[in-house]
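Beneath this line is the structure, given in structure tokens, with notes to follow.
We're numbering straight along the sequence, starting at 1.
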Amino acid sequence: MIKAGLYLERFRTKHLADKKIPGAYRYLNTYAVDYVLQALRHPQSTVWANIFAPVEILQCFDLRCLSVECLSSFLSGFRIEDYFLDFAEEEGIASTLCSYHKTFIGASDSGIVPPAAFSLTTSTICDGNINTFRYLSENCGVDNFLLDIPMDNSEEAIEYVIAQLKDLISTLEKTFHKSFSPARLTEVIKRENASKELYEKCLVLLRDKAYPSTLTLQMYMLFATHLNIGEPEILTFFEKMHEELLAAPAFDGINILWVHLLPWYQETLQEYFNLTDDCQIQAIEMNLDYRQPLDPDDPLRSLALKMINNAYTRSYDRKVDLVCDLADELQPDGVINFCHWGCKQSSGGVMRLKERMQEKDLPLLILDGDGMDRRNSHNGQIRTRWEAFHELLKTRKGQ
């Protein structure tokens, strides 16, 4: 039934999507739905991964990268996340575990989601990642590869990660009986650089251009910036986006810089952000956690640097610095930080972000909730806080 639903959704997004949605977003939507569908149809060539994994290497082996958070979001879109969450907790999984991870565990252990051929995760940011992937590996018999990312940028740390990447490549060659092509990785890196360069140009245009989207479409951006970065289709998406933004009309509504995850299903936020002329999200900081170009002539070192110098590695102040840089560049009217249930780094560091936003005299709204489980989302509370914040932003903007 899930596959049938994805088939129908792919048809809908390709042929029946709302015409208010820009063409680039419609293209990305269809691509992402089809990508998840094919990953479920062909588990023998699918890898379970987190969004910080070096997907560029996986592409060289023609492997699909299925993110735990991504598939859990799709299951929530089918409104069946509560079943899998309860299933996992009844097995003994802690109620405090991130609901993205818990949903995926429930879907896997219930037999709904077929085991992948391999799994790959990193030690970056999420303390639940390592245990979740270890659990999935043991329960499903899926070989797991953990990339241990050091907390410093020394030459020793870089060489340590490069050695792990070489080990990963060797493991993939043995597992999938394919030879690694350095030339192919170089091409992937070049497309990634071109995509990121176009996205940076799009960010400049988004300061004063109208480019309507939805909360769901904003979440799909993780396909473009993480899960599938370097794919030809993603470069096409950014080319379309840039072309449309150049011709887009001016925007004089409320611009928001979003921090962390989006509760895409939340009724009040949908009302204000989904294809409206009043409010739009310029960017989510997660999509810009590493903005430097990669060196196509030394791709493994570049990938090591990308993971070591990610904004989520080391101190939370690195993430705060990224938000401040984006605030200076995008000049948003306000910032929203969503503290997702079970995500300790977001909730634990948000006061530091608040201090820095106060120094910049930039309004910050802190929302608590759950990016997955509707039962942990309180619409009345979110509506009250958002509407007060919205009025503040309008007043400051002179509207």
**Complete:** Tightest non-hydrogen contact, residues Leu120 and Phe133, listed as O-CE2, 3.8 Å
**Exercise: identify the closest heavy-atom pair between Gln218 and Ser213** = NE2-OG, 3.0 Å
**Request:** Check the pair Glu239, Ser195 against side-chain contact (heavy atoms from CB on, under 4.5 Å), reporting the backbone distance first and the verdict last.
**Result:** CA-CA 8 Å; Glu239 289 170 343; Ser195 297; over 6 Å; no
**Whether His390 and Trp386 hold their rings parallel, tilted or perpendicular, with breakpoints at 30° and 60°** = parallel
**Request:** Decide whether Ile284 and Val335 are clustered together by the hydrophobic rule: side chain heavy atoms of Ile, Leu, Val, Met, Phe, Trp, Tyr closer than 4.5 Å, transitively.
**Result:** yes
**Complete:** Smallest heavy-atom separation, Leu305 atom then Tyr290 atom, equals O-CE1, 3.8 Å
**Prompt:** Are Glu243 and Lys240 close enough for a salt bridge, meaning some N to O gap below 4.0 Å?
**Reply:** no
**Request:** Over 60° means perpendicular and under 30° means parallel, so classify the ring planes of Phe273 and Trp258, tilted if in between.
**Result:** perpendicular
**Asked** When hydrophobic residues are tied together by side-chain contacts of less than 4.5 Å, even through go-betweens, does Phe11 share a cluster with Tyr220?
**Response** no
**Request:** Heavy atoms only: give me the nearest Ser123-Ile149 pair and the separation to one decimal.
**Result:** OG-N, 2.9 Å
**ring-ring contact (aromatic ring centres under 6.0 Å, His included) involving His260 - partner list, sequence neighbours excluded** = none
**Message:** Please check this pair: side chain of Thr103 against backbone of Phe84, looking for a donor-acceptor N/O pair closer than 3.5 Å.
**Reply:** no
**Request:** For residues Leu217 and Asn274, determine if any side-chain heavy atom of one lies less than 4.5 Å from a side-chain heavy atom of the other.
**Result:** no
**Message:** Would you say that Arg191 contacts Pro232 through its side chain, given a criterion of any heavy-atom pair below 4.5 Å between the two side chains?
**Reply:** yes
**Aromatic ring proximity, centroids under 6.0 angstrom, Tyr100 and His340** = yes
**Request:** Taking ring-ring contact (aromatic ring centres under 6.0 Å, His included) as the test, write out the residues that go with Phe104, two or more places apart.
**Result:** Trp48
**Prompt:** For the residue pair Asn129 and Thr122, what are the closest heavy atoms and their distance?
**Reply:** CB-O, 4.2 Å
**Message:** Quick one: does any side-chain atom of Gln59 pair with a main-chain N or O of Ile229 as donor and acceptor, under 3.5 Å?
**Reply:** yes
**Asked** Can you check side-chain hydrogen bond (donor to acceptor under 3.5 Å, both in side chains) on Ser154 and Glu156, steps first, answer last?
**Response** CA-CA 5 Å; Ser154 65; Glu156 182 182 5; 4.9 Å; no
**Request:** Say whether Asp18 and Tyr25, considering side chains only, have a donor N or O and an acceptor N or O under 3.5 Å apart.
**Result:** no
**Request:** With sequence neighbours left out, write down each residue that passes ring-ring contact (aromatic ring centres under 6.0 Å, His included) with Tyr312, or none if nothing qualifies.
**Result:** Phe52
**Prompt:** In terms of side-chain geometry, is the basic nitrogen of Asp34 or Lys14 positioned less than 4.0 Å from the acidic oxygen of its partner?
**Reply:** no
**Message:** Within the supplied structure, the quantity of interest is the number of heavy atoms (other residues, nucleotides, ligands) at a distance under 6.0 Å from Glu155 CD; does it exceed 12?
**Reply:** yes
**Item:** Donor-acceptor contact below 3.5 Å, side chain Arg385 vs main chain Ile366
**Value:** yes
**Request:** If the plane angle is over 60° it's perpendicular, under 30° parallel, otherwise tilted; pick one for Tyr35 and Phe223.
**Result:** perpendicular
**Prompt:** Between the main-chain N or O of Asn310 and the side-chain N or O of Arg318, is there a donor-acceptor pair closer than 3.5 Å?
**Reply:** yes
**Request:** Could you tell me whether the side chain of Arg301 and the main chain of Ile158 form a donor-acceptor pair under 3.5 Å?
**Result:** no
**Asked** Given Met372 and Lys102, is the side-chain contact (heavy atoms from CB on, under 4.5 Å) satisfied, shown in steps?
**Response** CA-CA 10 Å; Met372 280 286 307; Lys102 203 160 39 175; over 6 Å; no
**Residues that Phe238 engages under ring-ring contact (aromatic ring centres under 6.0 Å, His included), provided they are two or more places apart** = Tyr199
**Asked** Should we say atom CG of Asp277 is surrounded by more than 12 heavy atoms from elsewhere, each under 6.0 Å from it?
**Response** no
**Asked** Would a hydrophobic clustering, with Ile, Leu, Val, Met, Phe, Trp and Tyr connected at side-chain separations under 4.5 Å, put Leu294 with Leu322?
**Response** no
**Prompt:** Can Lys394 and Asp278 be counted as an ion pair, charged N to O under 4.0 angstrom?
**Reply:** no
**Item:** Which atom of Phe145 lies closest to which atom of Leu168, heavy atoms considered
**Value:** CZ-N, 3.5 Å
**Flag, side chain of Lys196 to backbone of Gln292, donor-acceptor distance under 3.5 Å** = yes
**Asked** Around atom NZ of Lys178, are there more than 12 heavy atoms of other residues, nucleotides or ligands at under 6.0 Å?
**Response** yes
**Prompt:** If you draw a 6.0 Å radius around NZ in Lys166, do more than 12 non-hydrogen atoms from other residues or ligands fall strictly inside?
**Reply:** no
**Request:** Ignoring hydrogens and angles, tell me if any N or O in the side chain of Arg314 forms a donor-acceptor pair with the backbone of Ile308 under 3.5 Å.
**Result:** yes
**Item:** Beyond-backbone contact of Leu71 with Leu40, side-chain heavy atoms, under 4.5 angstrom
**Value:** yes
**Message:** Is there a path of hydrophobic side-chain contacts, each under 4.5 Å between heavy atoms of I/L/V/M/F/W/Y residues, joining Val113 to Leu136?
**Reply:** yes
**Asked** Does Asn153 reach the side chain of Asn309, with side-chain heavy atoms less than 4.5 Å apart?
**Response** yes
**Asked** Please, which pairs that meet side-chain hydrogen bond (donor to acceptor under 3.5 Å, both in side chains) have at least one residue in residues 202-211, sequence neighbours excluded?
**Response** Tyr211-Glu244
**Item:** Leu362 side chain near Leu257 side chain, heavy-atom distance below 4.5 Å
**Value:** no
**Request:** For His101 and Asn131, test the side chains for any donor-to-acceptor distance below 3.5 angstrom and give the result as yes or no.
**Result:** no
**Asked** Judged by atom type as modelled, is there a donor-acceptor pair below 3.5 Å linking the side chain of Asp143 to the main-chain atoms of Phe118?
**Response** no
**Request:** Decide yes or no for Phe61 and Val47: does some side-chain heavy atom of the first lie under 4.5 Å from some side-chain heavy atom of the second?
**Result:** no
**Prompt:** Backbone N or O of Ala39 within a donor-acceptor pair of the Thr46 side chain at under 3.5 Å?
**Reply:** yes
**Message:** I want to check something: taking the side chain as every heavy atom from C-beta on, are Leu75 and Tyr83 in contact at a cut-off of under 4.5 Å?
**Reply:** no
**Message:** For Glu138, give me all partners under side chain to side chain contact (heavy atoms under 4.5 Å, CB included), at least two apart in sequence or on another chain.
**Reply:** Arg134
**Request:** Answer yes or no: is there an ion pair linking Glu187 with Arg184, defined by an N-O contact shorter than 4.0 Å?
**Result:** no
**Request:** Determine yes or no for a side-chain-to-main-chain donor-acceptor pair under 3.5 angstrom, with Gln331 supplying the side chain and Asp328 the backbone.
**Result:** yes
**Message:** Does this structure show an ion pair linking Glu81 with Arg374, if we count only N-O contacts that are shorter than 4.0 Å?
**Reply:** yes
**Message:** Looking at Arg396 and Asp333, is there a salt bridge between them, counting it only when a charged N and a carboxylate O are closer than 4.0 Å?
**Reply:** no
**Step-by-step side-chain contact (heavy atoms from CB on, under 4.5 Å) determination, Leu165 to Leu147** = CA-CA 8 Å; Leu165 292 175; Leu147 285 166; 4.2 Å; yes
**Prompt:** Are Ile189 and Ser302 close enough that some pair of their side-chain heavy atoms sits under 4.5 Å apart?
**Reply:** no
**Derivation and outcome, side-chain contact (heavy atoms from CB on, under 4.5 Å), residues Phe87 and Ile93** = CA-CA 9 Å; Phe87 190 100; Ile93 301 298; over 6 Å; no
**Message:** Would you say CE of Met351 has more than 12 non-hydrogen atoms from neighbouring residues, nucleotides or ligands within 6.0 angstrom?
**Reply:** yes
**Request:** Indicate yes or no: does Asp370 engage Arg375 in a salt bridge with an N to O separation below 4.0 Å.
**Result:** no
